[in-house]
Participant: 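Got a structure for you, written out below as structure tokens; questions coming shortly.
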Amino acid sequence: MTEYISLVEKHPTKMACIHMHMHACMRDWLAEFTDLREELNKVPRRAKNDMLVACSLYREVAEKVEQRILHVKRTENRTVAIRAPSFREIERTAAREAAIAQQREEDTALRDLENLSAKTKNKYSSAMGD
């Protein structure tokens, strides 16, 4: 991201575009490092339309994200952000778990019914003198 900021310094563009690109490029990591996401979101207000100030602030955030990624790589041996599940994924997982639980209950009820049926059949056979 620091390379991107260097390009923006040479070829100025709208601050909203820079902000959007920063979010897009670091989306997964910003979801994990919420403090840095909040810091990134404060840049437009702090910069007050001053491109040099904005680039400096964006560079600070990008460097912090890069440092945090290196720390995660060293300490946890991973290079991919831990992505939080979306609301839709949470709902889907809950529905799947509920369906599995219901299937288990139905299997148990069916097994109990078959056992009862077998006992009744054995009892009837014994009474008939088979």
Participant: Given the rule in the side chain to side chain contact (heavy atoms under 4.5 Å, CB included) test, do F33 and D35 qualify, once you have shown the distances and angles that lead to the verdict?
Facilitator: CA-CA 6 Å; F33 308 139; D35 58 321; 3.9 Å; yes

Participant: Backbone N or O of I82 within a donor-acceptor pair of the E32 side chain at under 3.5 Å?
Facilitator: yes

Participant: So which heavy atom on W29 is nearest to which on T79, and how close?
Facilitator: CZ2-O, 3.3 Å

Participant: Would you find a donor on one side and an acceptor on the other, under 3.5 Å apart, between the side chain of S117 and the backbone of L113?
Facilitator: no

Participant: Which pairs, with at least one residue in residues 49-64 and sequence neighbours excluded, count as a side-chain hydrogen bond (donor to acceptor under 3.5 Å, both in side chains)?
Facilitator: S6-R59, E9-R59, H19-Y58, E39-K64

Participant: Which value, rounded to the nearest 0.5 Å, describes the distance between I69 atom CD1 and L36 atom CG?
Facilitator: 9.5 Å

Participant: Tell me, do M26 and R37 make a side-chain contact under 4.5 Å, heavy atoms counted?
Facilitator: no

Participant: Closest approach of I5 and C55, non-hydrogen atoms and distance?
Facilitator: CG2-O, 3.5 Å

Participant: Looking at every non-hydrogen atom in both residues, tell me the closest pair between R46 and L57 and how far apart they are.
Facilitator: NH2-CD2, 3.4 Å

Participant: Could you pull out the closest heavy-atom pair between A54 and V43, with the gap in Å?
Facilitator: O-CG1, 4.0 Å

Participant: Please determine whether residues V80 and L70 belong to a single hydrophobic cluster, defined as Ile, Leu, Val, Met, Phe, Trp and Tyr linked transitively by side-chain heavy-atom distances below 4.5 Å.
Facilitator: no

Participant: Side-chain contact, heavy-atom cut-off 4.5 Å: L40 with L30?
Facilitator: yes

Participant: Which residue in the set R104, Q103, R111 passes side chain to side chain donor-acceptor pair (under 3.5 Å) when paired with D107?
Facilitator: Q103

Participant: Between M22 and Y4, is any pair of side-chain heavy atoms under 4.5 Å apart?
Facilitator: yes

Participant: Mind checking whether R78 and V72 have side chains closer than 4.5 Å, heavy atoms only?
Facilitator: yes

Participant: Should E106 and Q102 be marked as a side chain to side chain contact (heavy atoms under 4.5 Å, CB included) after you check the CA-CA gap, both sets of side-chain angles, and the distance that decides it?
Facilitator: CA-CA 6 Å; E106 290 173 1; Q102 182 179 359; 3.2 Å; yes

Participant: Do L116 and D112 have side chains that approach each other closer than 4.5 Å (heavy atoms only, starting at C-beta)?
Facilitator: no

Participant: Run T13 and I18 through side chain to side chain contact (heavy atoms under 4.5 Å, CB included) and show every step you take.
Facilitator: CA-CA 7 Å; T13 187; I18 300 167; 3.5 Å; yes

Participant: Check the surroundings of atom CG in N115: do more than 12 heavy atoms from other residues, nucleotides or ligands lie under 6.0 Å from it?
Facilitator: yes

Participant: Are V65 and M1 close enough, and set up right, to give a side chain to side chain contact (heavy atoms under 4.5 Å, CB included), and what steps lead you there?
Facilitator: CA-CA 9 Å; V65 171; M1 284 313 308; over 6 Å; no

